[in-house]
Amino acid sequence: MENNRASSFMHAVVTIYAVFSAMAEADNQNSKVYIAYLGERPYEDVKLTTDSHHELLESVMGSKEKSLESMVYSYKHGFSGFAAKLTNSQAQKLARMPIVARVFPSSLYKMHTTRSWDFLGLSSSPSASSNLLHRAKMGDNVIIGVIDSGFWPESESFNDKGMGPIPSRWKGICQLGEDFNSFHCNKKVIGARWFARALIADHGEEAVFKDYLSARDNKGHGTHTASTAGGAFVRNVSYFGNRRGTLRGGAPLARLAIYKVIWSDRRLGSAADILKGIDEAIHDGVDVLSMSIGGSIPLPPDVSEWNTVAIGSFHAIARGVSVVCAGGNEGSIQQTVVNVAPWLFTVAASTIDRAFLTSITTLGDNATYLGQTFLKKDVVGKLVVMDRRCAGHLGSDIPTGGNVVLLCFIDLAMKAAASNPVMPVKQAKVVGVIYAGQHTDILGPCDVPCIHVDTHVGTKLLTYILSDEKALIRLKATRTIVGKPISSRIAYFSSRGPNSVSPGILKPDIAAPGSNIIAAVPPNHKGGDKGFAAMSGTSMATPHISGIVALIKSLRPTWSPAAIKSALITTARVEDPSGLPIFAEGSPPKVADPFDYGGGVVDANAAVDPGLIYDLGATDYIYYYMCSMGYTKAEISHLSQQKIVCPSKRASVLDLNLPTITVPALTNSTTVTRTVTNVGNLTAVYKAVIKAPPGSKVRVNPRVLVFNSNVKKISFKVKFSSTLQRNYGYSFGSLTWTDGVHLVKSPLSVRFDFF
């Protein structure tokens, strides 16, 4: 009897063990990516922060090797956290640890080559039929004018399959030129012009010698921006072997009009040529102007080049044409944003939730690190460190005829030149270059695969070179990661506010994806793959906003440019989809503020129903901006058909009815006025929610706005009072009007000045 009981007991134990083993095995097979958010960085040293992530993950995974294998991404600059592939039980164990603030699963979405549009909630999938893209009929018959370097007409992004007749209101032409005929325009690209007279007059014919004297694009910038804004659907696109998907523009059924004003030899355009392009675009009947151009630094209003874009675009908006401009690529330095006139829609650049990851394995000690690149297949080579200029190697032990991977430490100033390195190792085949620096998300074209890693990884690789005579490493083929493991940020190259021309006008206005954006280019483009390439810059962010503006114009044709701009700014996101704040890359990284992204990162679907808008007309810009900025009587008299005279007492630029409020010099108190227009439910009650900038008190009068069939516009005052008695710089807050459904959020920026 006892033997039978023992036998039964052992059988039960074996059965239970087998069940739990099967459950554990199933759990392992069902692992997925989770994000562990740990809050503020525990250390200033990013190496210590990263090491703490690995130690924490190792305690869950059971070994260092499994921790390295599981880690997807380490968040170590602006905040502390990591993304890792975990089972459900491992994620629960991690969440129970006191040091962990939050653990949540990440959903990995199907990669589209133009991932940025899905990231913005504008999927073209039939299952997403309620989003703005579908409601606006994909921008059908809206005309986007692109002022840039031309376009490559043979690109599939400009095919007109399935498009209807050209809108009868179109007045443009298809201008003939070098290797360009009238048949290069179609029902997608309905017009094309080119302007080079002023450039040739000033700099001679050599300024355009290496370019086509036509609307044909030679280098790819204009092709890329035009296809991003309104390119047609192109199926089955793969970029350097990454997952295949569909490439398209933001408004794929919109019409495009091309205005070539930038020429490839110097990549510059004459102010006069640019102004002519704007003038012709207004004439031709465009609805939106997309201008990914601008100076390197802001210029005062008495400089003609500044007036070219500012004044030319003023005439465009006075006729209902929205003008969208790049904010500049001068990095994370303050007061570098360009295109700062208040009627312009000035765009900052953000990253998206996508990374092109490659594993870097040091074969001598079997350590693995992550970098970003486009690498089609695995390669193995000897790791060799370059000198500070990335122009020569250190040491002479180079294998003759063998593969070499170069390691180069770079700073931001060298980043642009680093995509075209000098290859000094003549006796070996260079199969890759690893660039170690603070920023790893800009993947430019290279002669050989360029792998971008942070300085911490670069230091680890340098230590490996010094400790291992062979120093062999393996670079794995790129794998694409999308979704929550990769948080969006304001890109380090994106120019920042405050506005150096008029500090009372917040710039930039909004942020949109501008990092590693894949779109069409000419077939000869360096770094391109079968007519497509990844580019980065606020030039790439600009056509994202242009495409969205086209969609809103299609659905809200009576809205003014200011109304559309207001709707986008007041509904923009300041948090990523997980609820964490958006960070801005820089030295050091930080939580983003209005000088980084204006109202925030664009949320197109929310913008179509903003509830309230801050509207403006041409006369408002004249009275409240131009008069206060000292524009001459002659200039102002030419800005409107009306007889406008500036008042003897200048109006305050702070009262310009923008959806943002910036007080650049608060001493004791300042009061500003705003007016909102109800574009939501006919009957609505909005209440003010105030988040005062630290160091100030903010009062709104009235605090409740009641709208009905007779009351569609209401004015209110905002009083700022300082609680400080010293200079403090800028601080930030917000004013949000809400009816329980809509959140109409305006950023507040205040600088305390007692001198």
Side-chain angles (χ1 to χ4, degrees), residues 143 145 147 169 274-291 301-302 304 306-325 339-346 499 501-502 504-507 509 545-546 549 552-553 556-570 612-647 649-661 672-677 679 712-713 715:
I143 303 170
I147 295 184
R169 58 192 170 86
I274 294 169
L275 191 59
K276 181 61 174 175
I278 297 173
D279 184 45
E280 293 294 344
I282 294 171
H283 162 269
D284 292 346
V286 302
D287 300 301
V288 184
L289 264 180
S290 187
M291 301 176 63
D302 59 344
S304 61
W306 190 88
N307 280 334
T308 297
V309 174
I311 300 304
S313 61
F314 175 83
H315 287 284
I317 67 99
R319 290 161 176 78
V321 179
S322 294
V323 183
V324 187
C325 291
N339 292 321
V340 295
W343 47 87
L344 295 174
F345 210 150
T346 308
N499 183 336
V501 175
S502 180
I505 306 296
L506 178 65
K507 290 291 176 173
D509 293 303
I545 295 298
S546 302
V549 169
I552 295 177
K553 275 186 173 285
R556 303 283 187 260
T558 62
W559 282 11
S560 69
I564 294 174
K565 180 178 171 183
S566 171
L568 285 165
I569 290 175
T570 59
L612 304 176
I613 58 171
Y614 296 79
D615 208 357
L616 280 166
T619 303
D620 298 304
Y621 290 119
I622 295 173
Y623 274 121
Y624 291 100
Y625 181 73
M626 295 180 181
C627 288
S628 68
M629 288 293 292
Y631 278 66
T632 67
K633 291 182 180 179
E635 288 174 325
I636 289 174
S637 67
H638 286 86
L639 291 173
S640 175
Q641 294 179 349
Q642 303 176 25
K643 296 291 184 179
I644 296 178
V645 178
C646 291
K649 182 181 178 180
R650 289 185 179 180
S652 172
V653 70
L654 302 185
D655 288 330
L656 185 63
N657 199 43
L658 297 171
T660 62
I661 301 176
V672 302
T673 301
R674 291 291 186 271
T675 301
V676 287
T677 302
V679 294
K712 296 183 179 180
K713 292 186 178 183
S715 297

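Start at 1 with the first residue, then count along the sequence. These values consider heavy atoms only, across backbone and side chains, with no hydrogens, waters or symmetry-generated copies.
Using a 4.5 Å heavy-atom cutoff, the side chains of Ser560 and Asp615 are in contact. Counting heavy atoms from C-beta outward, Met629 and Val501 have side chains that approach closer than 4.5 Å.
The distance from the CH2 atom of Trp559 to the OG1 atom of Thr677 is 11.0 Å, given to the nearest 0.5 Å. Atom OG of Ser628 and atom CD1 of Ile622 lie 12.0 Å apart (nearest 0.5 Å). Between atom OG1 of residue Thr675 and atom CG of residue Asp655 there is a gap of 9.5 Å, rounded to the nearest 0.5 Å. Separation of atoms CG (Leu656) and OG1 (Thr673) is listed at 12.0 Å; rounding is to 0.5 Å. Remark: Asp509 CG to Lys565 NZ distance equals 4.0 Å, nearest 0.5 Å. Taking NZ of Lys553 as the reference point, atom OG1 of Thr558 lies at 10.0 Å (rounded to 0.5 Å).
Within a 6.0 Å radius of OH in Tyr624, no more than 12 heavy atoms belonging to other residues, nucleotides or ligands are found.
For Ser502 against Val653, the heavy-atom pair with the smallest separation is OG-CG2, 4.1 Å. Nearest approach of Ala651 to Pro647, heavy atoms of both residues: N-CG, 4.4 Å. Closest of all the heavy-atom pairs between Met291 and Ile278 is CE-CD1, 3.8 Å. When every heavy atom of Val288 is checked against every heavy atom of Ser546, the shortest pair comes out as CG1-O, 4.1 Å. Ile569 and Pro659 make their closest contact through CD1-CG, 3.8 Å (heavy atoms, listed as atom of the first residue, atom of the second, distance). Minimum heavy-atom separation, Pro561 to Ile317: CG-O, 4.0 Å.
At distances below 3.5 Å, not a single donor-acceptor pair connects side-chain atoms of Asn339 with backbone N or O atoms of Thr346. In this structure, Asn657 contributes its side chain and Leu616 its backbone to no donor-acceptor pair below 3.5 Å. Checking side-chain atoms of Lys507 against main-chain N and O of Ala341 turns up a donor-acceptor pair under 3.5 Å. Between the side chain of Arg674 and the backbone N or O of Leu658, at least one donor-acceptor pair lies under 3.5 Å. Counting only distance, with no hydrogens or angles, the side chain of Asn499 and the backbone of Leu506 share no donor-acceptor pair below 3.5 Å. Proximity of a side-chain donor or acceptor of Ser566 to a complementary backbone N or O of Tyr614 within less than 3.5 Å is detected. Trp343 contributes no side-chain N or O that, together with a main-chain N or O of Ala562, makes up a donor-acceptor pair within less than 3.5 Å.
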Derivation of the side-chain contact (heavy atoms from CB on, under 4.5 Å) call for Val286 and Val321: CA-CA 7 Å; Val286 302; Val321 179; 4.0 Å; yes

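Exactly one residue among Asp287, Leu568, Val323 makes a side chain to side chain contact (heavy atoms under 4.5 Å, CB included) with Val549. That residue is Leu568.
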